[in-house]
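I have placed the structure first, in the form of structure tokens, so that the comments after it can refer back to it.
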There are 2 protein chains.
Amino acid sequence: MRNREFRDAIYEQFARISKALASPKRLELLDLLCQGERSVEVLAKSTGLSVANASQHLHTLRAARLIEAEKRGLFVVYHLADRQVCDLLSAIRLLAEARLADIEQITRQFMKSHPNLEPVDRETLRERVLSGAVTLLDVRPKEEYLAGHIPGALCVPLEELEERLDGLPRDQEIVAYCRGPYCVLAVEAVERLKARGFEAHRMEDGIVEWRSLGLPVEEAVSAAESQHRNRGDA
Amino acid sequence: MRNREFRDAIYEQFARISKALASPKRLELLDLLCQGERSVEVLAKSTGLSVANASQHLHTLRAARLIEAEKRGLFVVYHLADRQVCDLLSAIRLLAEARLADIEQITRQFMKSHPNLEPVDRETLRERVLSGAVTLLDVRPKEEYLAGHIPGALCVPLEELEERLDGLPRDQEIVAYCRGPYCVLAVEAVERLKARGFEAHRMEDGIVEWRSLGLPVEEAVSAAESQHRNRGDA
DNA sequence: CTAGTATTCAATGAATTACTTGAGTATATG
DNA sequence: CATATACTCAAGTAATTCATTGAATACTAG
């Protein structure tokens, strides 16, 4: 039956996409690439992979045409081939959160082992920010802050946190946020702040959730935006 | 590093979803289940799998909580666990179509080997339907027709086509549609109609595309719907 | 042209996954 | 109660995928 051959061929192609996604490490790599372009070395480091292994995973992602590589001098910089890839990742994340009870349990356990990280929810935060009773920190890399952040938030990338401690209020509550519930930048930031005697909390949701709820997002405009587009990682 | 363990655990969970999707046959099974519930036997037959093999694929889909099973007498009827699964599938399909050139080539080649199947696009169809110059056939199973069809379309499931030939006009153009570009029901229908001397064409898009374009869809109401829910395959 | 760095490639063995076969379970029918 | 039907399970083999290792390539700086 010719129909069967056709269908087999077509679904084989669809499966190229899903097979590329069928690995935790590759999902993590894609998640990172959703935030912006990265070199192999950086990707390997952030995911805990060996460079050779990361390179191979990137190769399979590339074979599925989910990402593209660009050689820049000594580095190979990878970026998503299509914005739709982010959508696909969120769809997976959403489904996983909705259907897999294990995820909730894992996060709960993680929070338990980090007992100082009492998360702050959106509603509470909005109130406190509006009343000026709180200092809000965006601890993601600067480019991501420029691409969109919660109004009133300060741009304090995690790497710069130590240098900027002097500028932060010791008499006021500090709330840190990052990309979302599975991003640990804010967790790290809050731990460091607490260790220094600040009163810090973490907002559970990140910019993605904030945005998708239709809440206001401030964007840095043209100049910064195009700079981000052209140079990527600074 | 505790963060790493957490991330590994979380991405491991996300990967449960994508691993379940990482097989052409499982994608096909899910596609079928997007149309409505089905028994193992029916699924096996439509996908060309052995029953035991289909059962195992269904088992892995179930382990990823993408589908659910319900025993009804002698049959086990499977259905999607969540509407979001359809969204995920379309996301994959969309990305695949956008990025994988092979898909276009495969469809083109299929159309070449079925040269009589000149497809009809939406715009042309709308004009012709409005002017009454065309008879529109929905050749999907009856339940799917009931769940939503293009206004003015007749319900003529492919299996019943032969018996209903007498009711179709020989002096007028006939256009058949089904689920979408990768569904071959309409292709088959057009071939049979042409063999009988009808002037038949196939609409390239299916109900899914029609719907997602915001075009009007007629739905059969309560009675028929609940009948569909309770009995499934007739 | 040499040395050094970033990345990829190729080869290996370990681990997973796919499909088949045949047996086993549950439900309906005579 | 025996039999047929629809499905699942277990075991085995073939095929694929994985991470690791060490070598090869590509580019830069001196």
Side-chain angles (χ1 to χ4, degrees), chain A residues 4 7-8 11-30 32-33 37-64 66-79 232-233, chain B residues 4 7-8 11-30 32-33 37-64 66-79 231-234:
Chain A
R4 192 90 296 279
R7 290 167 92 121
D8 283 350
Y11 281 104
E12 187 69 47
Q13 293 298 315
F14 293 162
R16 279 174 65 191
I17 304 281
S18 49
K19 277 181 183 169
L21 300 174
S23 143
K25 289 300 185 184
R26 286 200 292 270
L27 289 176
E28 199 175 345
L29 287 169
L30 285 175
L32 286 168
L33 291 173
E37 54 182 34
R38 298 273 192 286
S39 71
V40 178
E41 199 183 20
V42 168
L43 287 169
K45 201 168 194 178
S46 345
T47 52
L49 290 169
S50 74
V51 172
N53 199 1
S55 174
Q56 291 195 150
H57 279 303
L58 291 166
H59 179 80
T60 75
L61 287 173
R62 203 178 165 189
L66 296 176
I67 62 175
E68 286 169 353
E70 190 187 332
K71 183 129 197 178
R72 268 193 219 145
L74 208 46
F75 297 84
V76 174
V77 175
Y78 281 89
H79 59 92
D233 303 359
Chain B
R4 191 90 299 278
R7 290 168 91 121
D8 283 350
Y11 281 105
E12 188 68 46
Q13 293 298 315
F14 293 162
R16 279 175 64 190
I17 304 281
S18 50
K19 277 180 183 169
L21 300 174
S23 141
K25 289 299 184 183
R26 286 201 291 270
L27 289 176
E28 198 175 347
L29 286 168
L30 285 175
L32 287 168
L33 290 173
E37 53 183 36
R38 298 273 193 285
S39 71
V40 178
E41 199 185 20
V42 168
L43 288 168
K45 200 168 191 177
S46 341
T47 52
L49 291 168
S50 73
V51 172
N53 200 2
S55 174
Q56 293 194 147
H57 279 303
L58 290 166
H59 179 80
T60 75
L61 288 172
R62 206 178 163 189
L66 296 176
I67 61 175
E68 286 168 354
E70 190 187 334
K71 183 131 196 177
R72 267 190 222 149
L74 208 47
F75 297 82
V76 175
V77 175
Y78 282 89
H79 59 93
R231 284 298 303 117
D233 301 358

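Each chain gets a letter, A, B and so on, in the order the sequences are listed, and its residues count up from 1. Side-chain atoms are counted along with the backbone in the values below, which use heavy atoms only and exclude waters and symmetry mates.
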Item to complete: List the steps, then state whether side chain to side chain contact (heavy atoms under 4.5 Å, CB included) holds for B:Leu21 with A:Ile17.
Response: CA-CA 9 Å; B:Leu21 300 174; A:Ile17 304 281; over 6 Å; no
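- Between the CG atom of A:Asp8 and the P atom of C:dA18 there is a distance of 15 Å, given to the nearest Å.
- When each of A:Thr60 and A:Lys71 is assigned the nucleotide of DNA chain D with its nearest heavy atom, A:Thr60 is the one assigned upstream, toward the 5' end.
- Atom CG of B:Leu74 and atom P of D:dC7 are 7 Å apart (whole Å).
- No more than 12 heavy atoms of other residues, nucleotides or ligands lie within 6.0 Å of NE2 in B:His59, so this atom counts as exposed by the packing criterion.
- At whole-Å resolution of the value, CG in B:Leu58 and P in C:dA18 are 13 Å apart.
- Atom CD in A:Gln56 sits about 13 Å away from atom P in D:dT21, given to the nearest Å.
- Judged by closest nucleotide on DNA chain D, B:Phe75 is the one of A:Ala22 and B:Phe75 placed further toward the 5' end.
- The side chain of A:Val51 lies closest to C:dT8, out of C:dC19, D:dC7, C:dT8.
- Judged by closest nucleotide on DNA chain C, A:Ser55 is the one of A:Ser55 and B:Gly73 placed further toward the 5' end.
- Comparing B:Leu49 and A:Ala69 by the nucleotide of DNA chain C whose heavy atom lies nearest to each, the residue mapping closer to the 5' end is A:Ala69.
- A donor-acceptor pair under 3.5 Å is formed between the side chain of A:Arg26 and the backbone N or O of A:Ala20.
- In this structure, A:Arg4 contributes its side chain and B:Thr47 its backbone to a donor-acceptor pair below 3.5 Å.
- Separating the CZ atom of A:Arg16 from the C1' atom of D:dT17 is a distance of 17 Å, rounded to the nearest angstrom.
- B:Tyr78 has its OH atom 15 Å from the P atom of D:dA6, to the nearest Å.
- Residue A:His57 places at least one side-chain N or O closer than 4.0 Å to OP1 or OP2 of D:dA19.
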